[in-house]
Number of protein chains: 2
Amino acid sequence: MVKKKDQSTEERILASAKKIFVEKGMAGARMQDIADDAGINKALLHYYFRSKEKLFEVIFKEAAARLFPTIVNILNADLPLFDKLRRFTNDYLEIVIENPYLPLFVLNEINKQPHAFSKKVFGNNRPPIHKLAEQIEKEIRKKTIRPISPAHLVMNMMSMCVFPFLGKPMIQLSMNIDDAQFRNLMEERKTMIADFIIASIKK
Amino acid sequence: MVKKKDQSTEERILASAKKIFVEKGMAGARMQDIADDAGINKALLHYYFRSKEKLFEVIFKEAAARLFPTIVNILNADLPLFDKLRRFTNDYLEIVIENPYLPLFVLNEINKQPHAFSKKVFGNNRPPIHKLAEQIEKEIRKKTIRPISPAHLVMNMMSMCVFPFLGKPMIQLSMNIDDAQFRNLMEERKTMIADFIIASIKK
DNA sequence: GTCTATAACTCGATAGAC
DNA sequence: GTCTATCGAGTTATAGAC
């Protein structure tokens, strides 16, 4: 990174902070690392963002804002079940392929303070998983899909979308593949996951 | 925790260290927190384990030792594919249901130092995923299952087993369930995941 | 806005009494 | 083995010059 003249100081700080926080987490990150990466002085960080905590919050909120709204929109969308599955897996993967480190970053901070988090990101409305669950139950009653617990089906879908990004380094180690190959695999999953699910539940 | 008289000091330290490290990660944990939780003095931690890093290593190795060997054994086992799937999902879930915070803990430390980790845990042999992959290819050739990329199939299985534990707090938030209900769901997954996979790939 | 210098504080680690 | 007290390194945060 270091000294991109086409960016404002504030932008460079944000870019570097994102990089360092995502890499090391809130506790592991040093203001010095961020300053160095941005090619500026430590004091400037405080000039722009007052404290490490405040800076972190900005980064975290942006990360959460990138991950959640799309998900929520799709879950709420008025679409046939199979279309919704395809749309969800495709759109979610599209986002995280471009931001492969976001899921672990966000997940970790949620785990460190579940309650503070839930209010910050969701306000008072929980993520509308029940909408999708109801839709699944309806299809079961119509016998267009085999009986399956909606909770598990949703969890399966989420799992297959998110996990590879959480376990990226371990997957790369055990499969012996580089970043480009990993990315290719994830591109394939955009359609593969929905195919896999539908093959399992379709009657 | 604090002062369980039936445990030796060393055992209390280990129990508290595990709790704190798992909760906050290596960087976020404080020796003071561990000492407080164990009901002893900071200096004693150093008396028993010399340094924070050494203490962490003990905890981490134990965690990894609890997670990986079983997995490796099952992957290497000489079993028909469907039996192996059932066995893997069942046995893996059995372990993590009793240690729901291990997966995130281990995953995080892997992400922070992928190479150091790989040597520590696997030595020079990678996790034998290719064995399972070959077995899948064989079944495809025999036409007992439909054609599917072995890499994706393995990833799907892993995802559905591991993810719920990584995302536990988020899942509990969005489904509005407590620890007991979560545990019940995970018990169901012991058989549900294999059923789900087999329904998708069986011819 | 940006820098240097330094204050204020946190935390891992050690010394030394009991 | 266990404690109190303290050191010293490393970090966040601020003061003040330019």
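Each chain gets a letter, A, B and so on, in the order the sequences are listed, and its residues count up from 1.
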Asks: Tell me the interatomic distance from A:Q32, atom CD, to C:dC3, atom C1', rounded to whole angstroms.
Replies: 13 Å

Asks: What contact category does B:A29 fall into here, base, sugar-phosphate, or nothing, at under 4.0 angstrom with non-hydrogen atoms?
Replies: sugar-phosphate

Asks: Which residue pairs pass the side-chain hydrogen bond (donor to acceptor under 3.5 Å, both in side chains) test with at least one member in residues 187-201 of chain B, sequence neighbours excluded?
Replies: A:H152-B:E188, A:H152-B:R189, A:N156-B:R189, B:R86-B:D195, B:E94-B:K190, B:R146-B:S200, B:E187-B:K190

Asks: Between the axis at one end of the helix from C:dG1-D:dC18 to C:dC18-D:dG1 and the axis at the other (five pairs apiece), what's the angle to 10 degrees?
Replies: 10°

Asks: In B/S/- notation, 5' to 3', how is nucleotides 13-18 of chain C contacted by protein heavy atoms closer than 4.0 Å?
Replies: BBB---

Asks: What is the distance from CD of B:E11 to P of D:dG1, rounded to the nearest Å?
Replies: 13 Å

Asks: Under the rule for salt bridge (charged side-chain N to carboxylate O under 4.0 Å, His left out), what residues qualify as partners of B:D83, not counting sequence neighbours?
Replies: none

Asks: Just jot down the ring pair (Phe, Tyr, Trp, His ring centres under 6.0 Å) partners of A:F163, sequence neighbours excluded, or say none.
Replies: none

Asks: Taking atom P of D:dT11 as reference, at what distance in whole Å does atom CZ of A:F56 sit?
Replies: 18 Å

Asks: Just to verify, what does B:K24 make a salt bridge (charged side-chain N to carboxylate O under 4.0 Å, His left out) with, not counting sequence neighbours?
Replies: B:D33

Asks: Applying side-chain hydrogen bond (donor to acceptor under 3.5 Å, both in side chains), name anything that partners A:D78, two or more places apart in sequence or on another chain.
Replies: none

Asks: Return a table of donor-acceptor pairs under 3.5 angstrom between the side chains of residues 103-110 of chain A and protein atoms on other chains or two or more places apart.
Replies:
unit_1	atom_1	unit_2	atom_2	d
A:N108	OD1	B:N108	ND2	2.7
A:N108	ND2	A:L104	O	3.2
A:N108	ND2	B:N108	OD1	2.8

Asks: Among D:dT11, C:dC11, D:dC3, find the nucleotide with the atom closest to the side chain of A:R30.
Replies: D:dT11

Asks: Please list, one pair per line, the donor and acceptor atoms closer than 3.5 Å that link side chains of residues 128-141 of chain B to other protein atoms, with sequence neighbours excluded.
Replies:
unit_1	atom_1	unit_2	atom_2	d
B:Q135	OE1	B:K84	NZ	2.9
B:Q135	NE2	B:L79	O	2.4
B:E139	OE1	B:T144	OG1	2.5

Asks: Ignoring hydrogens and geometry beyond distance, is a side-chain donor-acceptor pair present between B:N111 and A:E23 at under 3.5 Å?
Replies: no

